Amino acid sequence: MNIWLVMLLGGLLTYGMRLSFIYLFGRFEVPVMVRRALRFVPPAVLSAIVFPELLMPSGTLDFSLGNRRLLAGAIAILVAAWTKNTLLTILAGMAALLILQFAL
Amino acid sequence: MHQTLKSFWAGVRAEFPLLVGVFPFGLIYGALALESGLSAAPAQMMSSIVFAGSSQFVAAQLVHDAAPGLVIVLTIAVINLRHMLYSASIAPYLEKLSPRWKTLLAYLLTDEAYAATIIHYENEGLTLTSHWFFLGAGFSLWFTWQVSSAFGIFLGTAIPTTWPLDFALPLTFIAMVMPVLKDYPVVAAALSAGAVALVANSLPFKLGLILAALAGIFIGTYLENRKSAKETL
């Protein structure tokens, strides 16, 4: 398959999913249970992306102190909890990883 | 200043810190796409046609592995399934908009634009110009993604592979998730989704991500139901 066709189909499917509920909403009654569940979408999806990035940087579980991404991530989590500042969180986590990687 | 413009800029400002994490991610995408054997034009165009970071990475990798086109298309779709959850979550706030606005904002519904916008909508409620906030957040993210991809393609192999630029993305997500963890059902949803993501990490096509997200949503909703049942007793 041509790469342009692949991108076009992939893009159309992605767009379709983005539009899906935005388009359908209001056309039928949304059950209370579903409304309630939607609040949990951001924390669930984001954590599902973050956990493996921190705990399985090379594909297997690594809880050791040698796992730099876990340490840097823990620092970022503390900074985020403390400051609630996105920019500071990213900078602190990045700085921590760079220091662990290059200085130690 | 006109109210619409005010809302637009408020969206841009809310998105700005997230852009700091997105920019390096776009750089690596551009560099990696070239490395995978894509030429500059499709590598750049993928950022506006597919416009979804992690699926673009995987697509580039699959091009490199000479995977069949259909497999690449389906993989992109599966990785982007989470956007359906975002769509459902933000839909009530967009209900009153014209079809044109819905069509446009749906295109801009990315992880980062969604995160900034849903937090704003949940905290501030809706106003007459709320959609401009979404447009500001979504457009600034779109613009940053195009520019950073272009830089990555342009710089290509000049970016040292030892720079852990990819770490900017999970950091952005940490910054987005921490302020949301306000009560125990939400914390439980986050922790259970994370745990399932670890266990299911080896599933193909990043299906573990969807499984984990659904598990977290289920646990959160279950605890919330139990909590509100107790409160009404």
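Because the structure is predicted, anything quoted here is derived from the model rather than measured. In what follows, chains carry the letters A, B, and so on, assigned in the order in which the sequence lines appear, proteins first and then strands, with residues in each chain numbered from 1.
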Structural part of [X] lying under 4.5 Å from a heavy atom of chain B:
X: A:Ile22; value: both
X: A:Leu19; value: both
X: A:Leu54; value: side chain
X: A:Ile77; value: both
X: A:Leu97; value: side chain
X: A:Leu98; value: side chain

Side chain, backbone, both or neither of [X] within contact of chain A (heavy atoms, under 4.5 Å):
X: B:Phe51; value: both
X: B:Ile119; value: neither
X: B:Ala52; value: both
X: B:Leu70; value: both
X: B:Met84; value: both
X: B:Pro68; value: neither
X: B:Thr110; value: both
X: B:Ile174; value: both
X: B:Val177; value: both
X: B:Ile217; value: both
X: B:Val63; value: side chain

Take atom [atom1] of [X] as the centre, draw a 6.0 Å sphere, and report whether it contains more than 12 heavy atoms from other residues, nucleotides or ligands.
X: B:Tyr107; atom1: OH; answer: yes
X: B:Lys227; atom1: NZ; answer: yes
X: A:Trp4; atom1: CH2; answer: yes
X: B:Tyr222; atom1: OH; answer: no

Test item: A:Arg39 and B:Ser89 side chains (from C-beta on) under 4.5 Å apart, heavy atoms: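 No, side chains not in contact.
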Point-to-point distance, once rounded to the nearest 0.5 Å, from NZ of B:Lys102 to OH of A:Tyr23: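 Answer for the NZ-OH pair, B:Lys102 versus A:Tyr23, is 9.0 Å.
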Heavy-atom donor-acceptor pair, A:Arg18 side chain to B:His83 backbone, under 3.5 Å: no
Donor-acceptor contact below 3.5 Å, side chain A:Thr89 vs main chain B:Ala175: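 Checked: no pair found.
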